[in-house]
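Single-structure report; data block below.
Computed over heavy atoms, backbone and side chain alike; hydrogens, waters and symmetry mates excluded. Counting begins at 1 with the first residue of the sequence. All values derive from a computational prediction rather than experimental measurement.
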Amino acid sequence: MEALLAELGPLLYGINYVVFLRAYRCPFVPDAPAEWYVYQALGPDVVVGGIGEVGGPEVLAEVESALRYAGDRHAGPKPVVLRSRRYKGLVRAVLSELEQAVAEASVVATFWLREGHPAYPVFWDFAFVIAGPAGGLVFVGSSSD
C-alpha cells in the first residue's frame with residue numbers, strides 16, 4: 001500500500017492541487033479501541049475530534065470518491081492524468097488492498113483530528129482505522145491548494 005500511495009499522491013498534483021496520502025502501520029492489539037491506533041500512528045500530540053464505526057463499503061466509497069476527484073478548471077488534478085492507464089491502475093490497486101484489509105479487520109472506524117492533522121485538507125479528506133490480526137492501519141488522505 002505504501003508504495004502505491006507514494007506514487008499516486010504526486011501523480012495527482014495539478015492546478016492549485018496537492019494530494020497527501022499516507023498509510024501508517026501499527027501492531028494489532030486485540031480489544032484496543034480505534035483511538036489507540038490513531039495515537040500509535042500519529043503520536044500523542046494529536047487531538048482526536050471524533051471517531052465512529054463505519055462499514056467497509058463506506059470506506060471504499062469515500063476513498064474512491066476522493067481519489068477520483070476531478071476538480072474544476074481552477075483547481076484539481078490534470079485531466080490527462082485522470083485518463084491515464086497508470087492512474088487507473090494505481091487507484092484499482094489501492095482499493096483492492098484496502099478492500100482486503102477491511103475484510104480481515106475487526107476494527108473499522110473513521111475519525112477526524114481537531115489538532116495535529118499531518119496535512120491541510122481543503123477539497124477532501126478522509127481518515128480511517130482498519131485493524132485486525134494482520135495488523136493495524138491508519139489511512140489518512142487529503143487534498144489542498
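- Salt-bridge check for Glu2 with Arg22: failed, with every basic side-chain N at 4.0 Å or more from each acidic carboxylate O.
- Residues Tyr87 and Arg68 approach most closely at OH-CA, 3.2 Å, considering heavy atoms.
- Under the 4.5 Å side-chain heavy-atom criterion for ILVMFWY residues, a single connected hydrophobic cluster contains both Leu21 and Val102.
- Between Phe123 and Ala75, the shortest heavy-atom contact is CZ-CB, 3.5 Å.
- Annotation: the span from Ile130 atom CD1 to Ser106 atom OG amounts to 11.5 Å, rounded to 0.5 Å.
- The CD atom of Gln40 lies 12.0 Å from the CD atom of Glu35; values are rounded to the nearest 0.5 Å.
- One N or O on the side chain of Glu58 and one on the backbone of Gly55 form a donor-acceptor pair closer than 3.5 Å.
- Criterion: ILVMFWY side-chain heavy atoms under 4.5 Å apart, direct or through other members. Under it, Phe20 and Leu90 are not part of a common hydrophobic cluster.
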Glu97/Leu4 under side-chain contact (heavy atoms from CB on, under 4.5 Å): CA gap, chis, key distance, verdict: CA-CA 10 Å; Glu97 287 201 24; Leu4 296 170; 3.5 Å; yes
Worked check of side-chain contact (heavy atoms from CB on, under 4.5 Å) between Ile15 and His74: CA-CA 7 Å; Ile15 304 162; His74 301 292; over 6 Å; no
Evaluation steps, side-chain contact (heavy atoms from CB on, under 4.5 Å), between Val129 and Val107: CA-CA 7 Å; Val129 172; Val107 175; 4.2 Å; yes
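- Not less than 6.0 angstrom separates the ring centroid of Phe111 from the ring centroid of Phe128.
- Annotation: side chain of Val48 is in contact with side chain of Tyr39 (closest heavy-atom distance under 4.5 Å).
- In terms of hydrophobic clustering, with Ile, Leu, Val, Met, Phe, Trp and Tyr side chains grouped at heavy-atom distances under 4.5 Å, Leu5 and Val63 are assigned to a common cluster.
- Pairing each heavy atom of Met1 with each of Leu98, the nearest pair is CE-N, 3.9 Å.
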Test side-chain contact (heavy atoms from CB on, under 4.5 Å) applied to Val19 and Leu11, step by step: CA-CA 9 Å; Val19 173; Leu11 183 66; over 6 Å; no
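- Phe126 is connected to Val91 through a chain of hydrophobic side-chain contacts under 4.5 Å among Ile, Leu, Val, Met, Phe, Trp and Tyr, so both are in one cluster.
- The ring of Tyr24 has its center no closer than 6.0 angstrom to the ring center of Phe139.
- There is no path of hydrophobic side-chain contacts, each under 4.5 Å, that joins Trp36 to Val47.
- Phe28 approaches Gly135 most closely through the heavy-atom pair CB-CA, 3.9 Å.
- Annotation: side chain of Glu104 is not in contact with side chain of Pro133 (no heavy-atom distance under 4.5 Å).
- The minimum heavy-atom distance between Tyr37 and Ala131, with the atom names listed, is CZ-CB, 3.5 Å.
- The backbone N or O of Val81 sits less than 3.5 Å from a side-chain atom of Ser84, completing a donor-acceptor pair.
- Of all the heavy atoms in Trp124 and Gly141, the pair that sits closest is CZ3-C, 3.5 Å.
- Applying side-chain contact (heavy atoms from CB on, under 4.5 Å) to Leu113 and the options Asp125, Val38, Val140 leaves one that passes, Val38.
- Around atom CG of Asp31, no more than 12 heavy atoms belonging to other residues, nucleotides or ligands sit under 6.0 Å away.
- Partner of Lys88 under the side-chain contact (heavy atoms from CB on, under 4.5 Å) criterion, out of Arg92, Arg86, Arg85: Arg92 alone.
- Atoms OG and CG, from Ser143 and Leu12 in turn, are 9.0 Å apart once rounded to the nearest 0.5 Å.
- Checked by atom type and distance alone, the side chain of Ser144 never pairs as donor or acceptor with a backbone atom of Ala119 at under 3.5 Å.
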